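A short write-up of the structure that comes next.
Since this is a predicted model, take the numbers as computed values, not measurements. Numbers restart at 1 for each chain; the letters A, B, ... are given by sequence-line order, proteins then strands. All values below come from the heavy atoms of this structure, side chains included, with hydrogens, waters and symmetry mates left out.
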Protein chains: 2
Amino acid sequence: MKLELSERKKQILKAIVDDYIQTAEPVGSKAVTLRLNTNISSATVRNEMAELERLGYLEQPHTSAGRVPSSLGYRLYVDELMNRYTLTRHEIEDAVQSISLRMGELDRLITEAGRMVSELTNQPAIAVSPVSEGEAVRRFEVIRVDESTVVLVLVTTSDLIKNRICRLNFPLSDLEVTAANRALNAHFTNIPIEELTDVRIAQAENESGMEISEILVAAIDFASEVLHLLMRRDIYLSGASRILNYPEFHEPGKAMALLECIADHNTIDFLPLPDERHPVRIRIGTENRIAPLRDASIIMTSYKTAKGATGLLGVVGPTRMDYAKVSARLKRFADELSDLLNS
Amino acid sequence: MKLELSERKKQILKAIVDDYIQTAEPVGSKAVTLRLNTNISSATVRNEMAELERLGYLEQPHTSAGRVPSSLGYRLYVDELMNRYTLTRHEIEDAVQSISLRMGELDRLITEAGRMVSELTNQPAIAVSPVSEGEAVRRFEVIRVDESTVVLVLVTTSDLIKNRICRLNFPLSDLEVTAANRALNAHFTNIPIEELTDVRIAQAENESGMEISEILVAAIDFASEVLHLLMRRDIYLSGASRILNYPEFHEPGKAMALLECIADHNTIDFLPLPDERHPVRIRIGTENRIAPLRDASIIMTSYKTAKGATGLLGVVGPTRMDYAKVSARLKRFADELSDLLNS
DNA sequence: CTTTAGCACTCAGAGGATCAGAGTGCTAAA
DNA sequence: TTTAGCACTCTGATCCTCTGAGTGCTAAAG
């Protein structure tokens with residue numbers, strides 16, 4: 001059904017997208033002939049452009065304005081036409097350098113990575129914390145800070161560390177803390193979240209004595225909450241205000257709508273998720289189901305932590321985005337991050 | 001030198017500010033007479049307004065436009081004139097309710113509080129983590145997660161919990177971990193940051209054996225880094241995009257400039273810091289030293305944690321801000337937060 | 001059949017010109 | 001001291017015009 005476009009049409013489309021990305025103004029036939037410095041005349045280009053519009057790759061804001069790429073046009077562009085952007089030597093290095101200082105704090109690193117991607121691409125960035133399948137608690141620790149307050153620390157299988165202060169209704173001895181520690185690590189480590197049941201708790205209580213049951217229950221509650229939270233995969237948005245760099249979002253409500261829409265969604269369902277076959281996923285304009293994202297594009301990619309968990313990094317920007325540059329930088333940053341985390 | 005304004009002038013000024021806050025349009029003499037429903041004529045008001053302008057409380061965008069309050073005008077307004085805003089029953093409660101769920105995680109709570117203030121006031125919010133004077137480490141904990149990696153956890157005197165993963169160059173036995181734990185807690189707790197010196201480290205090594213020195217050094221380094229970081233008092237900005245609600249920031253560069261300016265400053269020096277005598281500090285327009293803040297106002301207040309540390313919460317907004325409502329809500333939220341943290 | 005030159009046509013946006021209305025300051029009377 | 005009245009100022013809205021970029025179509029050229 002769908003005919004392959006002629007090579008010339010593709011070149012013209014490419015020229016239009018390239019030009020539009022640069023100028024943010026509708027592109028006319030003249031501009032195209034200049035950009036393609038082949039000896040083709042503007043009239044010919046006009047004919048081709050009319051054709052491209054009929055096929056849905058271009059749109060015309062009004063008669064006698066130039067053409068603007070449609071989502072379909074961008075799609076063809078990113079899939080087939082765009083130049084590979086070659087990174088200059090130090091473009092990413094500095095960022096990765098500085099993030100390596102953060103290595104010890106995986107949680108912090110997530111948001112920090114977002115910040116850097118935002119800076120690197122000059123667009124708002126999206127970061128999603130790394131999670132592996134079947135996340136579990138690897139290690140519990142109960143730390144007594146004073147008479148009747150303890151800190152619960154748990155380390156998950158993907159090296160995320162979470163903690164919480166618990167104030168108890170009664171004082172606790174060092175011995176009891178040790179007992180709680182032992183019980184927790186004996187019975188509740190490396191168990192997937194679904195299996196943290198009451199049965200197990202009862203069993204642990206039997207073995208370790210009832211006194212510590214309050215801590216146990218608190219710890220298990222906490223653990224299951226944390227694990228659930230991890231499963232939910234919070235979305236962090238960094239550098240939101242950079243969206244204002246782009247004239248297409250200068251209209252009052254527009255930027256707000258976009259940003260709120262991303263901040264409010266607390267599932268990752270609306271993001272284009274990368275997989276093995278598509279390490280960088282791009283969702284363009286109207287390809288987004290959610291209304292306020294209709295004139296924005298999202299690029300997402302992933303990185304892996306030492307434990308094999310997969311984190312997501314991406315950017316949001318105007319549909320007219322420098323896909324080549326942005327996706328190259330994003331991908332490279334994510335790759336460097338993976339390397340760093342796995343070395 | 002500075003003459004006290006007549007009561008009538010004050011009422012007129014108040015009417016102008018009230019009106020301008022609502023409408024964002026320069027206020028004319030007519031509007032003032034309507035607002036003050038006393039039987040004063042617009043001509044009289046005009047005379048008074050001319051006077052107020054001469055005294056620096058009002059400004060005129062151009063002849064034959066109404067007047068707009070100057071920073072000085074707002075200053076008088078917030079110091080003397082504005083109505084106390086009375087909070088309705090449930091305005092704050094819901095927010096506090098939901099934040100109480102977060103109680104266990106002080107770090108998280110900080111940014112969460114910022115989010116809520118932003119929502120409550122519909123303006124960008126500033127949150128600064130609580131710090132008490134002479135912050136120190138109250139408790140260390142070394143958690144072994146596998147052969148040669150440990151997690152260092154430290155609890156500071158103001159209940160902040162920080163952690164970091166350390167990968168060592170050699171395997172570590174449980175015994176050594178216990179020894180490190182003991183040594184850290186014996187020698188390095190409750191010691192103000194400045195005194196975490198090499199001497200102490202050497203001393204601890206002597207007593208505990210050299211094998212664990214690597215952990216000790218890492219822990220101490222980490223501790224001093226964390227304490228320094230705490231001292232630096234990071235500034236968290238939430239709900240940045242809400243600034244776009246205000247037409248005065250619709251001009252392209254303006255919102256960006258403001259937000260960047262706040263995000264970039266990593267000291268709290270530029271914020272109006274509350275103290276005992278001024279629990280809510282307001283800095284208005286040109287009172288801000290920093291250029292991009294010149295047509296914005298900042299309101300800051302503080303809350304106290306259970307450990308007596310002081311956290312900051314505040315908002316940024318247009319100079320034309322509903323000072324009464326915003327500061328009431330902010331203050332109330334901070335107070336509720338204090339109560340919650342201290343109960 | 002494809003390309004191109006030429007031309008008439010369209011339309012948005014820039015640049016005036018006009019005008020109403022809001023608001024002022026001043027003067028003179030109350 | 002207050003106020004009514006009035007002349008004056010200035011912005012912002014509205015309307016018009018006009019330019020120029022860009023188009024589609026036609027007919028000739030390749």
> Stepwise, does the side-chain contact (heavy atoms from CB on, under 4.5 Å) test hold for A:Leu330 with A:Leu313?
Replying inline: CA-CA 8 Å; A:Leu330 176 63; A:Leu313 272 175; 4.2 Å; yes
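- If B:Asn47 and B:Ala65 are placed on DNA chain C by their nearest nucleotide, the residue sitting closer to the 5' end is B:Ala65.
- Separating the CD atom of A:Glu53 from the P atom of D:dT23 is a distance of 10 Å, rounded to the nearest angstrom.
- To the nearest angstrom, P of C:dC26 lies 11 Å from CZ of B:Arg46.
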>> Please determine whether side-chain contact (heavy atoms from CB on, under 4.5 Å) holds for the pair A:Leu13 and A:Lys10, giving the CA-CA distance in whole Å, both sets of side-chain angles, and the decisive distance to 0.1 Å.
In response: CA-CA 5 Å; A:Leu13 178 56; A:Lys10 287 183 182 173; 5.6 Å; no
Output a table of nitrogen or oxygen pairs between the protein and nucleotides 11-20 of chain C separated by less than 3.5 Å.
{"from": "C:dC11", "atom 1": "O4'", "to": "A:Ser64", "atom 2": "OG", "distance (Å)": "3.4"}

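- In this structure, B:Lys14 and B:Gln11 have side chains that are in contact, with non-hydrogen atoms separated by less than 4.5 Å.
- Partner of A:Glu248 under the salt bridge (charged side-chain N to carboxylate O under 4.0 Å, His left out) criterion, chosen from A:Arg294, A:Arg320, A:Lys254: A:Arg320.
- Rounded to an integer number of Å, the gap from A:Leu52 CG to D:dG22 P is 17 Å.
- We find that CD of B:Glu51 is positioned 15 Å from C1' of D:dT2, with the value rounded to whole Å.
- Axis angle, first five pairs versus last five pairs of the helix from C:dC1-D:dG30 to C:dA30-D:dT1: 20°, rounded to 10°.
- Atom CZ of B:Arg75 sits in a crowded spot, with more than 12 heavy atoms from other residues, nucleotides or ligands closer than 6.0 Å.
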>> Please evaluate residues A:Arg281 and A:Asp275 with respect to the criterion side-chain contact (heavy atoms from CB on, under 4.5 Å), reporting the C-alpha separation (whole Å), side-chain torsions for both, the decisive distance (0.1 Å), and the verdict.
In response: CA-CA 8 Å; A:Arg281 285 294 280 276; A:Asp275 54 38; 3.5 Å; yes
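- In the region residues 26-45 of chain A, proximity to DNA chain D at under 4.0 angstrom, judged on heavy atoms, holds for A:Gly28, A:Ser29.
- For B:Tyr323, the ring-ring contact (aromatic ring centres under 6.0 Å, His included) partners are B:Tyr74, not counting sequence neighbours.
- Here the side chains of A:Gln60 and A:Pro26 are not in contact, with every heavy-atom distance at 4.5 Å or above.
- Here C:dG23 presents its C1' atom at 16 Å from CD1 of B:Ile12, a figure rounded to the nearest Å.
- Look at CZ on B:Arg67: it is 17 Å from P on C:dA22, rounded to the nearest Å.
- Around CZ of A:Arg35, the count of heavy atoms belonging to other residues, nucleotides or ligands within 6.0 Å exceeds 12.
- Within the structure, ring pair (Phe, Tyr, Trp, His ring centres under 6.0 Å) pairs that include any residue of residues 239-262 of chain B do not occur (at least two apart or interchain).
- Rounding to whole angstrom units, CD of residue B:Glu59 and P of C:dT24 are separated by 15 Å.
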Could you tabulate the donor-acceptor pairs under 3.5 Å formed by side-chain atoms of residues 235-243 of chain A, not counting sequence neighbours?
{"from": "A:Arg242", "atom 1": "NE", "to": "A:Ser118", "atom 2": "O", "distance (Å)": "3.4"}
{"from": "A:Arg242", "atom 1": "NE", "to": "A:Ser118", "atom 2": "OG", "distance (Å)": "2.7"}

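- Between C:dT3, C:dG25, C:dT4, one nucleotide has an atom nearer to the side chain of A:Arg8 than all others, and that is C:dT3.
- Going from atom NZ of B:Lys9 over to atom C1' of D:dT2 covers 14 Å, rounded to whole Å.
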